[in-house]
> 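One structure, as structure tokens, below. Some questions next.
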Amino acid sequence: MSAPYILVLYYSRHGATAEMARQIARGVEQAGLEARLRTVPAVSTECEATAPAIPAEGALYVSLDDLRHCAGLALGSPTRFGNMAAPLKYFLDGTSSLWLTGELVGKPAGVFTSTSSLHGGQESTLLSMMLPLLHHGMLLCGLPYSEGALLDTRGGGTPYGPSHHAGADGKRALDEHEISLCRALGLRLAKTAQQLETPRG
Ligand SMILES: Cc1cc2nc3c(=O)[nH]c(=O)nc-3n(C[C@H](O)[C@H](O)[C@H](O)COP(=O)(O)O)c2cc1C
């Protein structure tokens with residue numbers, strides 16, 4: 001059996017959500033847990049289109065086993081019309097076998113997103129991403145207001161999870177508050193997973 005890890009699973013077309021995932025991974029590692037970064041392939045309008053099994057760059061594609069065996073999950077997507085992106089939803093729609101066996105029940109999970117506009121649906125996307133995780137019986141971790149960045153931010157950052165305002169051209173880098181909230185989620189998920197794994201005497 002492998003050492004416990006937090007699965008940081010995301011979709012990212014232009015890199016903003018991917019950078020958030022890397023910051024969350026740093027928070028996980030701060031707690032001494034492994035962060036397993038994984039992504040999902042794009043979906044195609046052509047039914048028969050296939051992509052190579054290993055992407056040309058970046059994180060590997062996630063497998064059901066990555067999800068099955070994780071100690072916790074951080075799930076990230078760009079906002080698409082106030083909702084998660086189709087490739088991530090497509091992957092989640094293929095997780096019925098884990099729902100049937102209840103293998104994700106009781107595991108901690110959190111969500112993150114990036115948008116081009118500041119009020120363009122960060123919270124609605126984060127809330128929508130929580131729904132399938134609740135169906136799986138996962139324990140949702142948001143961000144508490146003891147994280148000062150939640151009050152100081154002039155960009156992204158919500159109590160429902162970290163968010164990033166990438167700007168109309170998608171080029172705005174993560175600012176210090178957005179970075180700190182990404183790391184806080186990673187740390188919180190890892191610590192919660194460790195506490196849940198500790199055998200109670
Ligand atoms: C089809 C589509 C829909 C989008 N919908 C929204 C939206 O509702 N609100 C918003 O602020 N940005 C929206 N965006 C912009 C992306 O959320 C934004 O560029 C994000 O930072 C991209 O993340 P990525 O760099 O990880 O791909 C949309 C982009 C696309 C392609």
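Remember, it's 1-based here, ligands and their atoms both numbered in the order they're listed.
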> Judged by modelled atom types alone, do E46 and S44 share a side-chain donor-acceptor pair under 3.5 Å?
no
> Nearest heavy atom to atom 12 (N) of ligand 1 wins, so pick from S116, G76, G82.
S116
> Within a distance under 4.0 Å of any heavy atom of H14, pick out the atoms of ligand 1 and give their elements.
24 (P), 25 (O), 27 (O)
> Assess whether atom CG of L151 is packed by more than 12 heavy atoms of other residues, nucleotides or ligands within 6.0 Å.
yes
> Would you mind listing which atoms of ligand 1 come within a distance below 4.0 Å of any non-hydrogen atom of R13?
24 (P), 26 (O), 27 (O)
> Starting from atom 1 (C) of ligand 1, which protein heavy atom do you reach first, and at what distance in Å?
R80 CD, 3.4 Å
> Could you tell me if T115 and Q122 have a donor-acceptor pair between their side chains, going purely by distance under 3.5 Å?
yes
> I'd like to check I24 versus Y10 (side-chain heavy atoms, cut-off strictly below 4.5 Å). Are they in contact?
no
> Return the minimal non-hydrogen interatomic distance between F91 and L67, and the atom names on each side.
CE2-CD2, 4.0 Å
> Starting from atom 11 (O) of ligand 1, find the nearest protein heavy-atom neighbour and note its residue, name and distance.
S117 OG, 2.7 Å
> State, to 0.1 Å, how close T113 and T79 come at their nearest heavy-atom pair, and which atoms those are.
OG1-OG1, 2.9 Å
> What's the verdict on salt bridge (charged side-chain N to carboxylate O under 4.0 Å, His left out) for E147 and R188, showing C-alpha distance, side-chain angles and the deciding distance?
CA-CA 11 Å; E147 294 297 335; R188 192 167 199 222; over 6 Å; no
> What protein heavy atom is closest to atom 22 (C) of ligand 1, reported as residue, atom name and distance in Å?
P78 CB, 3.7 Å
> Among all protein heavy atoms, pick out the one at the shortest distance from atom 20 (C) of ligand 1; state its residue, atom name and that distance to 0.1 Å.
S114 O, 3.5 Å
> Which protein non-hydrogen atom lies closest to atom 9 (N) of ligand 1, naming both residue and atom, and how far is it?
G120 O, 2.7 Å
> In the protein, which heavy atom is nearest to atom 5 (N) of ligand 1, and how far is it?
F81 N, 2.8 Å
> After noting the C-alpha distance and the side-chain angles of L92 and M84, does the key distance pass the side chain to side chain contact (heavy atoms under 4.5 Å, CB included) rule?
CA-CA 11 Å; L92 291 172; M84 81 177 94; 3.9 Å; yes
> Run the numbers for me: atoms of ligand 1, each under 4.0 Å from some heavy atom of G15, listed by number.
24 (P), 25 (O), 26 (O)
> Salt-bridged, E29 to R26, with N to O below 4.0 Å?
no
> Does any N or O atom in A18 lie less than 3.5 angstrom from one in ligand 1, N or O only?
no
> For atom 17 (O) of ligand 1, find the nearest protein heavy atom and state the residue, atom name and distance (0.1 Å precision).
T79 O, 2.6 Å
> A166 heavy atoms, cut-off 4.0 Å: which ligand 1 atoms fall inside?
21 (O)
> In the protein, what heavy atom is nearest to atom 25 (O) of ligand 1, and what distance, to one decimal place, separates them?
A16 N, 2.8 Å
